[in-house]
Amino acid sequence: MWIPYDIRASLKAESPPDAVRQSLADADQREFLVGFFLRNPVTQIWEADISVDGAPTELSAGPDLPDARVSFHGNEAGKLSEVIYRLQAASHEQALGQAHGDVQRRLLRWMAEIGRGMAIAGWRIADPRHGARWRCTPFRPSAMRADHIPLGPVAADLAPVVELFQRARNAPDAASRLMAAFAVLDLAATHPALSRADAAGFRVTQDMLIHSGALASPEPLQGMELGALIAHLRPHHDRLVGPRGVLAPVLDDLAGQRRLALMANLADLAAHRLILAELRARREAARAPQGAAGA
C-alpha cells in the first residue's frame, strides 16, 4: 500500500540518541537553526525563481521575531534554495513553529509580488548547544514491481471518480488532498460507478490509522463506518469552503496543518480502499463467466 505523505507530519532525528535526549530535556532558551528548503511546484526542482545575486546575506526576521535573523542561500544556479533562521527557543519544536509561521508568510509575499509559484519542500533543525539535528524531507519509496503495467485503462464510467482520487494523491497540500478525497467518500454510497465498492461494509482499519498517522487521534476512529467517517471529516472539509461554495481564506499554523494532514491522509486512504474494492469486484465479475464456462 502506498502511504499518503505530508511533510508536516514527519520529523526525523539525525543525531546520536544521547544528543537528542539532552536537547529534549533542556528547557532553557537557547539558539536554534531552522532551515527551509524551497521547491518550484512546476519543475519540482528544489529552488525558487528568485536570484540570490546581490541579495543581502542576512536580515532581521522582523517585528514578529524581533531577536531572530534570517539568511538566504542559493544553489549552483544562483537561485534561492534554502532560507535559514537563527532564533532563540526552548525546544526544536518551538523553534520550528515560530520560524515556519514567518517563512510561510514570507513566501506568500514573494509569490504575490513576483507571481511565481513556490513551496516549502522540507526543513532541518539544529540545536548547536547539544549537537542535535532533525530533518523533514519527502519520503522516497522504492519502485513498484511491473505487475501492473500490462493492465488496461480504467473503465470510462469509473475514470472521473479515480481522477478525483488522483487529485488527492498528487496534492501538494493537505487541504487539497482532503477536499478531493472527501469528494470520493461522499460519492461512494450513491454514484453508480462505485455501486460494487461495498460502501456499507466499509470500516476504518488499524492499518489505515497507522499509515495516515491518525492512530493517536483522541477520537475512537477504528471500526468507524463510512457514514460516521464522513461526518467526522466534514467539519475539517467545510471550514475550507466558504458559505458561497468557494474556497475559504484559511491559513493554519504548523500545528493546525499537521492535524489537517492526518485527516486528509485518512480520507485519502479510505477513498483508495473504496476504489480498490470497486476494481476488485469488477475484476471478479469479469472472470465469473469464464469460470462458469469451464465448469
Note, [X] side chain near [Y] side chain (heavy atom, < 4.5 Å):
X: R133; Y: K12; value: no
X: W46; Y: S81; value: no
X: M118; Y: I50; value: yes

Under a 4.0 Å threshold between the charged nitrogen and the carboxylate oxygen, would [Y] count as salt-bridged to [X]?
X: E47; Y: R39; answer: no
X: D207; Y: R273; answer: no
X: D53; Y: K79; answer: no
X: R105; Y: D64; answer: yes

(message) Test question: given the 4.5 Å side-chain rule for I, L, V, M, F, W and Y, name all other residues clustered with I45, or answer none.
(response) none
(request) Taking R177 for its side chain and A168 for its backbone only, find out whether a donor-acceptor pair lies under 3.5 Å. (result) yes
Distance-only check: which donor-acceptor pairs under 3.5 Å involve side-chain atoms of residues 213-225, not counting sequence neighbours?
residue, atom, partner, partner atom, Å
S217, OG, E219, OE1, 2.3
E225, OE2, R203, NH2, 3.4

(message) Let me confirm one number: the CG-NE2 distance from L266 to H236, rounded to the nearest 0.5 Å.
(response) 9.5 Å
(message) Tell me which pairs pass salt bridge (Lys or Arg N to Asp or Glu O under 4.0 Å) where either residue lies in residues 111-121, with sequence neighbours left out.
(response) D49-R116, R109-E113
For residues 191-202, which side-chain N or O atoms pair as donor and acceptor with protein atoms under 3.5 Å away, sequence neighbours left out?
residue, atom, partner, partner atom, Å
H191, ND1, A193, N, 3.0
S195, OG, P192, O, 3.1
D198, OD1, G201, N, 3.2

(request) Can you spot which of V34, L65, D253 makes a side chain to side chain contact (heavy atoms under 4.5 Å, CB included) with Q98? (result) L65
(message) Once you measure the plane-to-plane angle for W134 and H92, does it fall in the parallel (<30°), tilted (30-60°) or perpendicular (>60°) bin?
(response) parallel
(request) Could you pull out all residues at least two apart from S23 that satisfy side chain to side chain donor-acceptor pair (under 3.5 Å)? (result) R30, D127
(message) Once ring pair (Phe, Tyr, Trp, His ring centres under 6.0 Å) is applied, what residue pairs with a partner in residues 151-183 remain, sequence neighbours excluded?
(response) F165-H272, F182-H237
